[in-house]
Amino acid sequence: MSEKIAVIVTDYIETDLDWEAAEMAKRGIDFECYQLKTASEQEVIERTRNADIVVVNMVKCTRRVFEGWSKCKLVIRHGAGYDNVDVQALTERGIVLEYIPDYCSHEVAEQAIALMFACVRKVVWSGKVLRDSSARGEWDFAPIIPMFRMDGLTVGIVGCGRIGGLVHRKLRHFGVKFLVCDPYLSKDRKAEFGVETVDMETLCRGSDFVTVHTPLSDETRHLINAETLSWMKPNAYLVNTSRGGMVDHAALAESVKSGRIAGAAIDVFDDEPPRPDFPLLNLDNVILTPHISWYSEDSQQSIREKIVQDIDMFVDGSGPRIPVNPEALKARKDT
Ligand SMILES: NC(=O)c1ccc[n+]([C@@H]2O[C@H](COP(=O)([O-])OP(=O)(O)OC[C@H]3O[C@@H](n4cnc5c(N)ncnc54)[C@H](O)[C@@H]3O)[C@@H](O)[C@H]2O)c1
C-alpha cells in the first residue's frame, strides 16, 4: 500500500488519544480523532469522509454515513459488541468490520467468579451484619446463615467460549465440579476442558451456580426464563455478566422473591443503567454491579494495543484479525 493511510476516530472514552497519535506518527499514518457521539449524521459524514480506516466507539454507523465515505476499507469497533454498526450495509460496500471481543475476557471471567464467591460467602450481606452488630454491640450472624464452601459445589457454565472457558480454567483449582451447556462447542474444546456438554435442563437441575456467557441473539434472548429458573436448585444462584437480554428479569425477580432460587448476581441489564423500577434493584439476595465486568486498567491498555495491531495487520495485508463480516472481502473482490 503506497498511498498515505488515514485513520479517523469518531469518538473515544479515553482521556486523550496521544498514545495512538504517536504510534500512528511512527508509522507515517495520518491520524485524526473527534468526539462525535452526539453529533449529527451529517457532521459524522463530513469528519470521516476521507478515512481509510474508521475507529468507532458509540457513534451510530448507519448506511447513510457509509454512503458518504470515499475510500474506507475497514471499520474497527472499539469494544466487544457492535450493535451501533449497520453490518449489512458495510458488507454490501465491501467494508470489513472488526471488533475487539478479546480485550477483557479475563476481567469478565474474574468478575463472574468474584460474584460467585460473593454469593457463596455472602460477602456483600456480611457488611450489613457487621454494621448492625456494631450498632447493637454483639454479633448476630442470623441474616447470613447458612453459608457453604465453594469446594465441592457444581458450577454450570452456559456458553464455553472465550469467557466461559476462562471461568472453567480459573475456577477448576477451587475444587468445584462443572456442567457445561454449549451446543456449538467443538470436539477439541471439549477435550481441552475435559468436559462433555449437557442440555440446559440437566445443567440447571445439577448446578449450584448457573453462570451465563453466551452472545445475545434471537436464539439466546431470555435463555434464562421462568421455565429454566424452575429447574434450578433452591440453593442455587444465577450469575449473568453476558448481556441483559439473556435473562427474563421479571421472572428472575419472582424466583428470588419466592425463594425458588437462593439469589442472583447481575452485571448487565435491558436498559443501562437500569431504570428505578428495575425489578431486581432493591431485592435482598441480589448483587448488582454497573456493567463493569469489562473494565480494568489492563483491559483499557489491551484494547488500545489491539486496535493498533489491527491497523498494522490491515496495512501489511495480514488482517483482518477478528472480522465480523469476512464476506465483505469477497464483495470487495467481486466489484
Ligand atoms: N459484562 C461485560 O462487561 C462484558 C464484556 C465482554 C463481553 N461480554 C459478553 O460476554 C458474552 C460472552 O463473550 P465471549 O467473548 O466469551 O463469546 P464467545 O463467542 O467466545 O463465546 C460464546 C459461547 O457461547 C456459545 N453459545 C452460543 N449459543 C449458545 C446457546 N444457545 N447455548 C449455550 N451456548 C451457546 C458459543 O458456542 C460460544 O462457545 C457475550 O455476551 C459478550 O457480549 C460482557
Side-chain angles (χ1 to χ4, degrees), residues 13 57-58 77-85 87 98-116 155-171 178-193 195-204 207 210-225 227-228 231 238-249 264-274 287-300 302-303 306 321-324 326:
I13 52 171
N57 189 346
M58 298 304 289
R77 156 78 177 122
H78 177 296
Y82 43 87
D83 321 345
N84 54 325
V85 182
V87 182
E98 285 198 67
Y99 70 142
I100 322 287
D102 53 347
Y103 78 101
C104 62
S105 306
H106 282 280
E107 283 76 4
V108 182
E110 288 170 11
Q111 178 90 358
I113 293 169
L115 291 171
M116 285 182 227
V155 173
I157 301 177
V158 183
C160 201
R162 286 181 207 91
I163 295 170
L166 281 171
V167 168
H168 186 279
R169 204 176 92 193
K170 289 171 191 275
L171 251 189
F178 295 97
L179 287 171
V180 172
C181 173
D182 188 331
Y184 308 106
L185 202 64
S186 67
K187 244 172 124 184
D188 287 353
R189 286 284 279 178
K190 284 184 202 175
E192 184 188 333
F193 294 115
V195 295
E196 275 311 313
T197 49
V198 296
D199 60 26
M200 270 304 278
E201 182 167 356
T202 308
L203 180 141
C204 290
S207 298
V210 173
T211 182
V212 185
H213 302 288
T214 48
L216 180 60
S217 65
D218 290 343
E219 182 199 349
T220 59
R221 187 173 299 280
H222 286 193
L223 189 68
I224 304 296
N225 53 45
E227 186 181 27
T228 40
W231 296 330
L238 176 79
V239 176
N240 186 21
T241 55
S242 58
R243 283 290 177 263
M246 221 75 76
V247 175
D248 178 343
H249 289 117
I266 304 289
D267 182 56
V268 282
F269 307 91
D270 308 297
D271 301 305
E272 297 204 343
I287 300 172
L288 301 178
T289 52
H291 197 159
I292 199 70
S293 300
W294 54 275
Y295 170 72
S296 76
E297 290 299 310
D298 315 272
S299 67
Q300 289 316 280
S302 171
I303 196 166
K306 281 175 193 287
R321 196 174 62 90
I322 310 184
V324 174

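For ligands, and for the atoms within them, numbers begin at 1 and follow the listed sequence. Being a predicted model, the structure only gives us computed values, none of them experimental.
If you number the atoms of ligand 1 from 1 as listed, the ones under 4.0 Å from a heavy atom of Cys181 come out as 33 (C), 34 (N). For ligand 1, the atoms closer than 4.0 angstrom to any heavy atom of Val268 are 1 (N). Using a 4.0 Å cut-off to heavy atoms of Ser242, the atoms of ligand 1 that qualify are 8 (N), 9 (C), 10 (O), 11 (C), 41 (O), 44 (C). For ligand 1, the atoms sitting less than 4.0 Å from at least one non-hydrogen atom of Asp267 are 1 (N), numbered in the order shown with element in parentheses. Residue Glu219 has at least one heavy-atom neighbour below 4.0 Å for each of these atoms of ligand 1: 31 (N). Close approach to Pro183 involves these atoms of ligand 1, each under 4.0 Å from a residue heavy atom: 30 (C), 32 (N), 33 (C), 34 (N). Interface atoms of ligand 1 facing His213, defined by a heavy-atom separation under 4.0 Å, are 12 (C), 22 (C), 23 (C), 24 (O).
Although no hydrogens or angles enter the test, the distance criterion places a donor-acceptor pair under 3.5 Å between the side chain of Thr220 and the main chain of Pro215.
Using a 4.0 Å cut-off between heavy atoms, Thr220 contacts ligand 1 through its side chain alone, with no backbone atom that close. Residue Gln111 does not touch ligand 1, judged by heavy-atom distances below 4.0 Å. The proximity of His291 to ligand 1, defined as any non-hydrogen pair under 4.0 Å, is limited to the side chain. If you look at Val108 next to ligand 1, the close heavy atoms, those under 4.0 Å, all belong to the side chain. Looking at Thr214 against ligand 1, both its backbone and its side chain come within 4.0 Å, counting heavy atoms. Residue Cys104 touches ligand 1 through its side chain alone, judged by heavy-atom distances below 4.0 Å.
A donor and an acceptor atom, one from each side chain of Thr241 and Gln111, are nowhere located under 3.5 Å apart.
Closest non-hydrogen pair, His291 versus Phe269, comes out as N-CE1, 4.3 Å. Heavy-atom minimum distance, His78 versus Asn57: O-OD1, 3.7 Å.
For Met200, the CE atom counts as densely surrounded, since its 6.0 Å shell holds more than 12 non-hydrogen atoms of other residues, nucleotides or ligands.
Between Met246 and Ile224, every side-chain heavy-atom pair lies at or beyond the 4.5 Å cut-off.
Ion pairing of Asp83 with Arg243 is absent here, as no side-chain N (NZ or NE/NH1/NH2) approaches a carboxylate O to less than 4.0 Å.
Ring geometry for His168 versus Phe193: interplanar angle over 60°, hence perpendicular rather than tilted (30 to 60°).
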